[in-house]
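As structure tokens, the structure follows; a few thoughts come after it.
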Amino acid sequence: MSTVQRFLEGLNPQQLAAVTESTGHVLVLAGAGSGKTRVLTTRIAWLIHGGHASALQILAVTFTNKAAREMIDRIGAMLPINPRAMWIGTFHGLCNRLLRLHHRDAQLPQGFQILDSQDQLAAIKRMLKAAGVDDTRCPPRELQMFINSAKEAGLRAREVEVNGGRDRLWVELFESYERQCQREGLVDFAELLLRSYELLSRNEPLRSHYQQRFRHILVDEFQDTNVLQYRWLKLLAGPGSSVFAVGDDDQSIYRFRGAHVGNMADFEREFQVSQVIKLEQNYRSYGHILEAANRLISHNAQRLGKNLWTAEGQGERPVLFEAASDGLEASWIVEQVRQLSDAGLRPSDMAILYRSNAQSRVLEHALFTAAVPYRVYGGLRFFERAEIKNALAYLRLASNPHDDVSFARAVNFPARGIGTRTLEQLQDAAAGAQCSLYAAIGSLAGRAGASLAQFGRLIEALQSAASTQSLPELVASTIQQSGLAAHYAGEREGQERLENLEELVNASTSFAAEQGYAASAAGAASAAEADAEQAAFAAGAASAAEVSPLTAFLAHASLEAGDNQAGQGQDALQLMTVHSAKGLEFDAVFITGLEEGLFPHENSLSEGGGLEEERRLMYVAITRARKHLFVSFAQARLLHGQTRYGIRSRFLDELPPESVRWLTPRRSRMPEPVPYWNAPAAPRGAMSTQAAAVAHHGFQVGQSVRHPKFGDGVVIRLQGAGGDARAQIQFGQAGIKELLLAVAKLERA
DNA sequence: AATCCGTCTATTTTT
DNA sequence: TAGACGGATT
């Protein structure tokens, strides 16, 4: 068929092989910029249009909503079908869909609420308080980590291995958190995964239904999957189905949040992948940039092995620059930005990347002073804003009044005379009666009881509004009735918050419109199918179509926190961490702060495999650049209010010398002491510290030294005098050491 | 109920 | 240095 031919046109042989592989499971090693998304979407189009599968037989999983949206849009552009007929979404989104459809079997109320990390932490704190456990014996954040990592490993509280009293306590708290969530109909992110995993593993008919249905399972960013997600996929992949996994082990940078690169090798072995397809042709960067990336990553031992190449020319060599201070590094970047602008690049074609968010300050300052428009990624997202969460808490209560997380949030905001005392009494009453806070309202008498009763009536009013009004009407009236509108209207800085609440109404309007579209139009096929599923597996339960718009909207708000960027649209230079740059590309890229201790980050060096992950991070950074790449570091940097003297990152020495261009003399890895007057970012106090640091032993803060065992380093602090004089020294490999000057064989360099 | 003050911490982040 | 948080104060 000619349409199919047209899809396949222009694919390189490896891409073509991946797209049209028709037997068994497939592992695609997709290098940066190798057209991975194109392969995924083209394969889906090929499967459907070539008659290999129907849209209903396809399940495609991504990590972010953005990636899912992109996939849906691109398929929509290729095929005349409604892509919503397919199950395409994030792991969490798909699990949500599954659990709503089969909430009975999953032992959840139909309108279960999803807790984001913030909500989860609040729930944990509340549980700790109820259990009477001291925050110091069990820091809430650590318990949260403990619970989430257990769940992500597929473990329930009872399955966690206990060694010692501390563990026992934590496991008990884990258990009571689980009970609390179950009682209140709350599901955290990890629970979405675990609960649907358990649902499928325990319910054989349901499992085989979905196994037979999903003939083709496609997974994006496979290197980022965690242990539970891998098991989930394995469970869903029945006999005769094909799993198509796309990933790049060299871009695995999320181990710290549970990603398990080993899944790639496990997949190859356990699914008996006969052929691993490597996509190595890069369509993004010029040759010298790719050579830099290839050489750098070749220093990693743990690799599946892959080398990027391009059919385009060599292009410019990446430029390396050594600055005396972070301030001067920033000024140099601004100057390069100017030159690039003169050469015709728009600010939005350029990005400045850094390892940690704290580094953005100096850069922002320099850009602001030079009047370069810029935009910083990161920070609060729309649905995470306090005012939005407050409004959502009321909406959640309208949907499920027994959601104590939302109750606790809403009950006294805006203030309505229900203080900590009253709340404690209510908590006790609820704990005694084993019921929700809302259900316990009646048990309190007196003035406090009256205030609570009034709040209870508010919830009931919202509930009835929810059953009569349209979603946008409900959102608007909730903002009014809750008193949030009045509260923010009376606040000095409340205007912006009011606007955000207005925006929430708009969001609900467009959400409702989209849902309506999906339910009608070509989505009829999926609706019919979903109904069939209902008839077979959830007899008596509400069908998917009956999940109320409010419930759907609340799930949407939890699962998609909204844009992560400040003001968009305008032509601005992009500032972001290397992590958030993954998946993006720019004509010009600046990678900053290439200093030992910062990049690679010192905290990573103590973790096994940490250095290799840092190196992959650098690899990701380099491969973001299309034409121009600038890599820089500073001898002195203001960090936590103190000037830190850094050594050039080892990563710079791992780049191919013939493919890069040093703008500053490339010395041995020992910077000269920095004259403070060259370091405008340093506080005035630094001057006196440094002047005072010159002592009779002849060492000075910022001084380069060499130690027979630890190698090259820089003095970062001096204390004591005479025979007791000590120096703290930042070594390249060995990290920070404190040495007695009288004893240590330090050589001045 | 709002505000102030001392303490603590500071890598990366999506769902 | 700066920001977030919790406890105490007004």
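Labels below follow one simple rule: chain letters A, B, ... track the order of the sequence lines, proteins then strands, and each chain is numbered from 1.
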(request) Can you sort out the partners of A:D224 under side-chain hydrogen bond (donor to acceptor under 3.5 Å, both in side chains), two or more places apart, ordered by chain and number? (result) A:K582
(message) So, using side-chain contact (heavy atoms from CB on, under 4.5 Å) as the criterion, who are the partners of A:E384 when residues are at least two apart?
(response) A:Q118, A:L380, A:R381, A:A561
Distances under 3.5 Å between protein N/O atoms and the N/O atoms of nucleotides 8-10 of chain B, please, pair by pair.
unit_1	atom_1	unit_2	atom_2	d
B:dA10	N3	A:H640	ND1	3.4

(request) Kindly write out the residues that satisfy side-chain hydrogen bond (donor to acceptor under 3.5 Å, both in side chains) with A:T62, not counting sequence neighbours, or none if the list is empty. (result) none
Produce the list of close N/O pairs, under 3.5 Å, pairing protein atoms with atoms of nucleotides 1-6 of chain B; give distances to one decimal.
unit_1	atom_1	unit_2	atom_2	d
B:dA1	OP1	A:N412	ND2	3.1

(request) Indicate whether A:H92 forms a stack on B:dT15; treat it as stacked only if centroid distance is below 5.5 angstrom and interplanar angle below 30 degrees. (result) no
(message) Can you list everything that forms a side-chain contact (heavy atoms from CB on, under 4.5 Å) with A:A408? Sequence neighbours excluded, please.
(response) A:R126
(request) Look at the side-chain N and O atoms of A:N357 and state whether any lies under 4.0 Å from the OP1 or OP2 oxygen of B:dT12. (result) yes
(request) Assign a letter to each nucleotide of nucleotides 4-10 of chain C from its 5' end: B, base within under 4.0 Å of a protein heavy atom; S, sugar-phosphate only; -, no contact. (result) --S----
(request) Runs of at least three consecutive Watson-Crick or G-U pairs, both distances under 3.5 Å, are what I'm after; which ones involve DNA chain C? (result) B:1-10 with C:1-10
(message) By the salt bridge (charged side-chain N to carboxylate O under 4.0 Å, His left out) test, which pairs, at least two apart or in different chains, include something from residues 355-365 of chain A?
(response) A:R355-A:E614
(request) Would you say whether A:Y254 stacks on B:dT14? The test is a distance between ring centres of less than 5.5 Å and an angle between planes of less than 30°. (result) no
(message) So, using side-chain contact (heavy atoms from CB on, under 4.5 Å) as the criterion, who are the partners of A:S117 when residues are at least two apart?
(response) A:Q144, A:F189
(request) List in chain and number order the residues that pass side-chain hydrogen bond (donor to acceptor under 3.5 Å, both in side chains) with A:Q180, two or more places apart in sequence or in another chain; answer none if no residue qualifies. (result) none
(message) Please enumerate all residues that pass side-chain contact (heavy atoms from CB on, under 4.5 Å) together with A:P414, with sequence neighbours excluded.
(response) A:Y394, A:R416, A:L484, A:H487
